[in-house]
There are 2 protein chains.
Amino acid sequence: MQKSENQAKYYKLMEYLKEEILMGRIKPGEQIPSENMLADKLSLSRHTVRKAISMLVNEGYLYTEHGRGTYCLDRSRKRNDSKNIGVITTYISEYIFPKVIQGIDSVLSANGYSIMLKNTNNNTEKEALCLEDVLEKNIEGMIIEPTKSALFSNNLKYYEALDNHRIPYIFIHGFYQQLEGKSQVLLDDAAGMHAAVKYLAELGHKKIVGIFKADDIQGLNRHKGYAKALSEAGLPYDPDHVIWFHTEDRDVKPYNVIRQMIEEKSGIDAIACYNDEIAFKVFEMLRFMGVNVPEDISITGFDDSYFSANCPVKLTSVRHPKEQLGESAAELLLQMLKDDDYLKNPVQKVIVPELVVKDSCIQR
Amino acid sequence: MQKSENQAKYYKLMEYLKEEILMGRIKPGEQIPSENMLADKLSLSRHTVRKAISMLVNEGYLYTEHGRGTYCLDRSRKRNDSKNIGVITTYISEYIFPKVIQGIDSVLSANGYSIMLKNTNNNTEKEALCLEDVLEKNIEGMIIEPTKSALFSNNLKYYEALDNHRIPYIFIHGFYQQLEGKSQVLLDDAAGMHAAVKYLAELGHKKIVGIFKADDIQGLNRHKGYAKALSEAGLPYDPDHVIWFHTEDRDVKPYNVIRQMIEEKSGIDAIACYNDEIAFKVFEMLRFMGVNVPEDISITGFDDSYFSANCPVKLTSVRHPKEQLGESAAELLLQMLKDDDYLKNPVQKVIVPELVVKDSCIQR
DNA sequence: ATCGCGAACTTGTGCGTACATGTTAATTTT
DNA sequence: AAAATTAACATGTACGCACAAGTTCGCGAT
C-alpha cells in the first residue's frame with residue numbers, strides 16, 4: 001500500500017481516520033471527537049480538520065449532525081440520494097393501474113422523487129427481468145404489485161437481494177404468501193365483496209352466483225367475503241354457483257358458464273362479479289340473451305370503474321380507492337426510507353372499500 | 001422544487017453554476033472564471049467560491065487542473081449506458097395516455113431500456129420542474145408530450161440544454177412552434193377531423209357545430225380539418241358554430257354553449273367534438289334535454305376510446321392509434337440514439353387516423 | 001416535579017491572510 | 001533560433017478569526 005503519497009496534513013488525518021473506521025476502532029454509530037478537540041490534540045487548525053472530515057463525509061464514512069457532533073456511518077448502508085423509486089405493476093394501461101400509478105406519482109413527485117416504471121404483463125419471468133433490471137439501477141426504494149400473487153413466487157431471491165442491498169420495498173394490491181411479514185398496502189377485498197353480497201342477500205336474493213379469479217390473492221379474498229356473507233345471511237354455499245377463472249381463460253370461461261346456467265334455467269337471481277369488466281361483459285351477454293338486468297337478475301361489479309359508469313344500467317359496485325392505494329404506498333415507502341430499521345418495522349395498511357349502490361340490483 | 005432553500009452564499013453560487021452548466025451556457029470543456037475572478041466579481045471570499053466549486057467537482061460537473069484552471073466536464077462524452085429513457089406526458093391516468101405509455105414501454109423494455117416517468121398536469125411550470133429533474137438524472141434520451149402545445153413554450157432553454165448535452169428527444173402528440181424542425185411523431189389531427197366532418201356533410205348535415213380545444217396544437221389542427229371539410233362540401237364557415245374551450249373551462253363551457261344553442265333553436269343538426277369525452281358528455285346533456293341522438297342531432301367523437309364504446313349510442317369516432325403512437329416514438333428514439341448526427345437528421349412521422357363509423361350519425 | 005432560560009458545547013458559514021505548487025507565455029539569455 | 005528565466009496567474013494547503021445555528025444539560029424559578 002502506497003500510503004501517504006499525499007503528504008498534506010488534511011490528507012494524512014483523513015487516512016488516519018479512515019483506517020480507524022475500517023479497522024473497527026471507530027465503530028458504526030460512534031461519535032468521533034469534535035473538530036476543535038481534534039484540532040487542539042493534533043495541533044492543526046479547525047479548517048484542516050474540517051477538510052479531512054468533509055472528505056470522509058463525502059465518501060460515506062462519516063456523517064455530521066449540526067449542533068451534536070460527527071458520527072461513524074454504517075458502511076453497509078451506502079448513502080443513496082438518487083431520488084429514484086422503482087414501480088413495478090402488472091399492467092400499465094389497463095383498468096385501475098393508471099390511477100394507482102397516478103397516485104404514486106403525485107406523492108413521490110411532490111417529495112422530489114422520480115418514478116422508474118416497469119410492468120410485468122402478469123408474467124413471472126417478466127417480473128424476474130424487471131427486478132433484475134432495477135437491481136442494477138440506482139434506486140432508493142420500490143413499490144411492487146405482485147404478479148399472479150395467489151401463487152408462490154419464483155422470484156424470492158430477488159426480494160432477498162433487495163433486503164441485502166437494504167433497498168426498502170412495499171407491496172401494493174397483493175403480496176406473496178412467502179413474504180407475509182413485509183410492508184404492504186392492501187385493499188380489504190373480502191370486506192368489499194362481503195358488502196356487495198350482503199347487500200344482495202338483504203334485497204332478498206337466494207341464488208347468488210360468484211365469479212372469481214383463481215390466480216391472484218384478490219380473487220381468493222373476494223371469494224372469502226362472498227362465502228362469509230352467504231353464511232351470515234343463512235344462505236347455503238353451493239360450489240356450483242362459484243365460477244373460478246384464470247388469466248388464460250378470462251375472456252371465455254365466465255361467460256360460457258353463465259350462459260349455461262341461464263340455458264339450464266338454474267334459477268339464479270344475482271351475480272356477484274370479480275370486477276366491473278366481468279360484470280359489464282356479463283351484462284352485455286345477458287342482454288343479448290334477452291335477460292333483463294336488474295329485473296330478472298341483479299349484478300354487482302367491483303372497482304367502480306368507467307365500466308360501471310358507462311354501462312347502460314349503471315352497475316352497483318365496490319369503490320376501489322385506486323389513487324389512495326398508490327398514495328398510501330408512496331407515503332409509507334417514504335416513511336421506510338427514513339427508518340434505519342425498516343426491515344424490523346414493516347408497515348402494513350388495509351384500506352376498506354365501500355359499496356356504491358347504483359341501478360343494477362333490485363328487491364326480490 | 002424547493003430551490004434555494006439553502007440560503008448560504010456558497011450554496012447559491014453552486015446552484016447558479018450548476019444551472020449555467022445544465023442550461024449549456026457553460027459548455028462542456030469550457031473554462032470557468034478563476035476563483036479570484038469569481039470572488040472579486042461576486043464580492044465573495046475565495047474560500048466561499050472554492051467551497052461551491054469543490055461541491056460541483058464532487059458531483060462531476062466540473063474538474064480542476066492545478067495551475068491551469070477549472071473546466072466544465074463533458075458529461076456526454078462519458079459513455080452513457082444507463083439504459084434509461086425519460087418520458088414526460090401531461091397526464092398519466094387520463095384518457096389516451098396510459099395506452100401511449102404502454103406502447104412506449106413495450107418497445108423500450110423489449111430493447112432493454114427502462115422508463116423514467118414524469119407528468120406535467122398540463123402545467124408549464126411543472127414541465128420545467130420535470131425537465132430540470134430529468135436533466136440531473138442519468139438518461140440516454142427522452143420522449144416528451146408537450147404541455148399546452150398551442151402556446152409558445154417558456155421552457156425552450158431546457159430543450160437547448162438537452163441539445164447541448166447531446167441527449168436526443170422526440171416530441172409525441174404535439175410540438176412547440178419554436179421547435180418545429182425537431183424529431184416528432186404526430187397524429188394527423190386535421191385529416192382525422194376532416195374525415196369526420198366530410199362524413200357528416202355527406203350524410204346531408206347543414207349546420208355542423210365544432211367544439212375545439214384552444215390551447216393545444218391538436219385542437220388547432222382539428223379545427224383546420226373541420227374548416228377544410230366544410231369548404232369542400234360547399235358549406236359556410238360560421239364562427240358562431242365553433243366553440244373554443246380551454247383547459248381551465250373544459251368542464252363547463254362546451255356544454256353551456258351547446259345548451260344555449262339548443263334552447264335558442266338555432267337549428268344545428270350535427271356536432272363534431274374535439275374528443276370522445278366531450279362527445280359523451282354532450283350526448284348525456286342532450287339526452288337530459290330530450291334531444292335524441294342520432295335522430296335529432298348527429299355527434300362524432302375523436303379517439304375511439306371507451307367513451308365511444310360504452311356510450312348507450314355507440315359514438316362514430318376517429319380511431320386514435322394510441323399504442324402505435326407510443327411505439328413509433330420509442331422506435332424512432334432508439335434510431336436517434338444510434339445516430340451520432342441525430343441533431344442534423346430529425347425524424348418526423350405523421351400517423352393518419354381513420355374514421356370508425358358507429359351509431360351516432362344518420363342520413364338527413 | 002416541571003418549566004424556562006441560558007451556558008456550554010457542537011457543526012455551519014464566511015471572511016481574512018499567507019505561502020506552496022503547477023502552468024503559461026512573454027522576456028531574456030545563450 | 002533555441003534554451004533558460006521570470007512574471008503572472010491558476011489551484012492547493014494552511015492558518016487565523018468571528019459569528020450563526022442547533023443540541024444538550026443543569027440551574028433556578030415556578
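Each chain gets a letter, A, B and so on, in the order its sequence line appears, and its residues count up from 1.
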- Query: So how far is it from K126(B) NZ to N155(B) CG, rounded to the nearest 0.5 Å?
  - Reply: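 That separation rounds to 13.5 Å.
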- Query: F97(A) vs H173(A) aromatic rings, parallel, tilted or perpendicular, using cut-offs 30° and 60°?
  - Reply: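 Taking H173(A) first and then F97(A), their aromatic rings stand perpendicular (interplane angle over 60°).
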- Message: Would you call the rings of Y71(B) and Y63(B) parallel, tilted or perpendicular, taking 30° and 60° as the class edges?
- Response: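 Geometry flag for Y63(B) against Y71(B): parallel rings.
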Gap between atoms [atom1] and [atom2], on [X] and [N] respectively (whole Å):
X	N	atom1	atom2	result
H47(A)	dA18(D)	NE2	P	17 Å
M14(B)	dG14(C)	CE	P	12 Å
N58(B)	dG12(D)	CG	P	12 Å
L62(A)	dG12(C)	CG	P	11 Å
M55(A)	dT13(D)	CE	P	8 Å
Y11(B)	dG14(C)	OH	P	13 Å
K9(A)	dG16(D)	NZ	C1'	13 Å
I53(B)	dG12(D)	CD1	C1'	13 Å

- Proximity of Y158(B) and Y169(B) rings by center, below 6.0 Å: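 No - the distance between ring centres of Y158(B) and Y169(B) does not fall below the 6.0 Å cut-off.
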Just N and O in the side chain of [X]: are any of them under 4.0 Å from OP1 or OP2 of [N]?
X	N	value
R50(B)	dG12(D)	yes
R68(B)	dC9(D)	no
K51(A)	dT13(D)	yes
S34(B)	dA10(D)	yes
T64(A)	dG12(C)	yes

- Item | Given dG12(C), dC15(D), dT13(D), the nucleotide with the shortest approach to the side chain of E35(A) |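 The answer is dG12(C).
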- Query: Is there a donor and acceptor pair closer than 3.5 Å between the side chain of H66(B) and the base of dA10(D)?
  - Reply: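 Checked by distance alone, the answer is no.
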- Query: Is there a donor on the side chain of R46(B) or the base of dG12(D) sitting less than 3.5 Å from an acceptor on the other?
  - Reply: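 Under the 3.5 Å cut-off, the side chain and the base do form a donor-acceptor pair.
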- Query: Is a salt bridge present between K83(A) and E136(B), judged by a nitrogen-to-oxygen distance below 4.0 Å?
  - Reply: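 E136(B) and K83(A): not salt-bridged.
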- Start at the 5' end of DNA chain D and walk down; is the nucleotide closest to T48(A) or to Q31(B) reached first?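 Closer to the 5' end of DNA chain D: Q31(B).
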